[in-house]
Trainee: 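This is the structure, below, for whatever I ask next.
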Amino acid sequence: MLDRAYLRQNFEEIKVRLANRVDPGVLEEFAETDSKRRAAVTEIQALQERRNELSALVAKARRGGEDALDIVRDARNVHAEIHEREASVNALDEAMDSVLSRIPNTPHATVPHGTDDSANLEVGRWGDRPEFSFRPKPHWDLGVDLGIVDFERAAKLAGSRFAVYVGAGAKLERALMNFMLDRHTREHGYAEILPPFVANSKCLYGTGQLPKFADDLFKLEGTDYWLVPTAEVPLTNLYAGETLSADDLPILLTGFTPCFRSEAGSYGRDVRGVIRQHQFQKVELVRIVTPEESYDALERLTLDAEDILQSLGLPYRKVLLSSGDMGFSAAKTYDLEVWLPGLDEFKEISSCSNFEAFQARRTGIRYRRSPGRKGKAEFVHTLNGSGLAIGRTWLAIIENYQQADGGVLLPDVLQPYLRAERIAPGGSLV
RNA sequence: GGAGGAAUGGCCGAGUGGUUGAAGGCGGCGGUCUUGAAAACCGCAAGGCCCGCAAGGGUCUCGGGGGUUCGAAUCCCUCUUCCUCCGCCA
């Protein structure tokens, strides 16, 4: 969330910056709630001051051997009045939290203004699209023909939008997981984390999925557990509520999890293949840094994701999202879109964002510049990005490396993991 | 799942109803001494919120929430987490 005082003091400016991102009514609700709350707090604090004075008088009188019954009577009245007003102060506090949690992050100055993806800016392109002497198949045909993915049997287990990976398909998924984690830990300096695949409400609130996007999540009935929609949730919340020292930063974390998304409201979109699933696997990158280095960190984190695409020889483009297309919590986002020859389009495979202090405020991650207790604790900046979505990498590989005979070549870097050079037309690794 | 115990500031640890926002120690910061460092000694140090241009004032905070009381770190209820024992279990 945004800082309450900062929002109050820069209200008109922030209103302009959030133009395409929030209903103006929500900002008016903030201003109104804020002034109501402050008036109520001021009142109740004056009453508390009166109560404390009277209590001190009672203590003094008792020490002098008097009973001070009249003072006690006054104090009792003040106590009752405080009690009465407490409820409305609490309600205003909650209203304040509620309205603040519905206000998205302010876009960075370098973010293009716009209402949707049409204002996005392509900032880079890498790799040559493969040329085929035949018409390249989409992965759903290719994968099913090879027998390495099975949608019909997956439907028996869990329904639509699930996949069962079989044989070389399963091994390819596992190889990608290992390759990505190895690369990020060995070459890019990330620490590997294997977190729980469920998280509680507080964590999802902290990273911004709740309260607004509960419909996108799976919740475990009768519990406060949610299936994680991304490893961003556990990795960022790892340090929730902690005050770190400057020496601890930057913190670089990578982790593999399955990601579970209800995909409510996406009926009819990307229904074929493994583009949009209720469960997909992903290796995530998280950086926790000081405010002054967060934009440099965004560039580096994005390059870490790009390195995976380049190592795998997958052509892609890099897109700077417009203010209208960015996620709720982000201040700046790059999307990496991989080329899919079977589908004949670029498709998002990684989304790398700087959240500035937005998530740090919600999760309570602070740090101290100078050691010890001297020096105020400040909020850190958090960033994350996919490094990469494994399911989409899987399909990008089979579509880009497909051969005329129906087989698939394997990128060099994966061959040691799979101990094979290609997937033969029958689906076996050879 | 059952039975007990615990939770205090950066860390350890006192504190069972009235200047205790909190002794003491460690750690931190500043200083004296020293060529420098160490040691020793002296001193300084919590955060949130509200009012205020400011100086400053007020209020809340001893795991979270609620209650008793004129007054709660201290008494009661509840939740969470951790520890010990029992049961179950990959």
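Predicted, not measured: the structure shown is a model, and the values here were computed from it. Below, read A as the first sequence line, B as the second, and so on, with proteins coming before strands; counting in each chain starts at 1.
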Trainee: Taking any heavy-atom pair under 4.0 Å as a contact, classify A/D74: base, sugar-phosphate, or nothing.
Mentor: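 No contact.
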Trainee: What contact category does A/V41 fall into here, base, sugar-phosphate, or nothing, at under 4.0 angstrom with non-hydrogen atoms?
Mentor: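 A/V41: backbone/sugar contact only, no base atoms under 4.0 Å.
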Trainee: Could you tell me whether A/R37 contacts a base, only the sugar-phosphate backbone, or nothing, with contacts defined as non-hydrogen atoms closer than 4.0 Å?
Mentor: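 The residue A/R37 makes sugar-phosphate contact but no base contact.
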Trainee: Starting the side chain at C-beta, find the nucleotide from B/C60, B/G66, B/C50 nearest to A/N90.
Mentor: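 The closest nucleotide is B/G66.
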Trainee: Using atom P of each nucleotide, how far apart are B/C79 and B/A72 to the nearest Å?
Mentor: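 Rounded to whole Å, the distance is 24 Å.
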Trainee: Between the main-chain N or O of A/A360 and the side-chain N or O of A/R366, is there a donor-acceptor pair closer than 3.5 Å?
Mentor: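 Answer holds: no.
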Trainee: Which value, in whole Å, describes the distance between the C1' atoms of nucleotides B/C70 and B/U32?
Mentor: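 Each nucleotide's C1' atom is 50 Å from the other's.
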Trainee: Among A/Y334, A/F358, A/F355, A/Y295, find the one that has a ring-ring contact (aromatic ring centres under 6.0 Å, His included) with A/H108.
Mentor: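 Only one option passes, and that is A/Y295.
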Trainee: Counting only side-chain N and O atoms of A/R76, is one of them less than 4.0 Å from OP1 or OP2 of B/U69?
Mentor: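 Checking A/R76 against B/U69: no side-chain N or O falls below 4.0 Å of OP1 or OP2.
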Trainee: Could you check A/R8 against A/L54 and say which one's nearest nucleotide on RNA chain B is further toward the 5' end?
Mentor: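 Residue closer to the 5' terminus by nearest nucleotide: A/R8.
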Trainee: Would you say B/G48 has OP1 or OP2 under 4.0 Å from some side-chain N or O of A/R361?
Mentor: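 Indeed not, no polar side-chain atom of A/R361 lies that close.
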Trainee: Is A/E356 salt-bridged to A/R361, going by a charged N under 4.0 Å from an acidic O?
Mentor: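 A salt bridge is absent here (no side-chain N lies under 4.0 Å from a carboxylate O).
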Trainee: Scan A/A75 against the nucleic acid and name what it touches under 4.0 Å (heavy atoms): base, sugar-phosphate only, or nothing.
Mentor: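 Sugar-phosphate contact only - A/A75 comes under 4.0 Å of backbone atoms but never of a base.
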Trainee: Does the distance from a Lys or Arg side-chain N to an Asp or Glu carboxylate O, for A/D34 and A/R38, drop under 4.0 Å?
Mentor: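 Salt bridge flag = yes for A/R38 with A/D34.
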Trainee: When we call it a touch if two heavy atoms are under 4.0 Å apart, what does A/R62 touch: a base, just sugar-phosphate, or nothing?
Mentor: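 The answer is base, as A/R62 lies within the cut-off (heavy atoms under 4.0 Å) of a base atom.
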Trainee: With C1' as the reference atom in both, quote the distance from B/G2 to B/G9 in angstrom, rounded to an integer.
Mentor: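 Roughly 36 Å separates the two C1' atoms.
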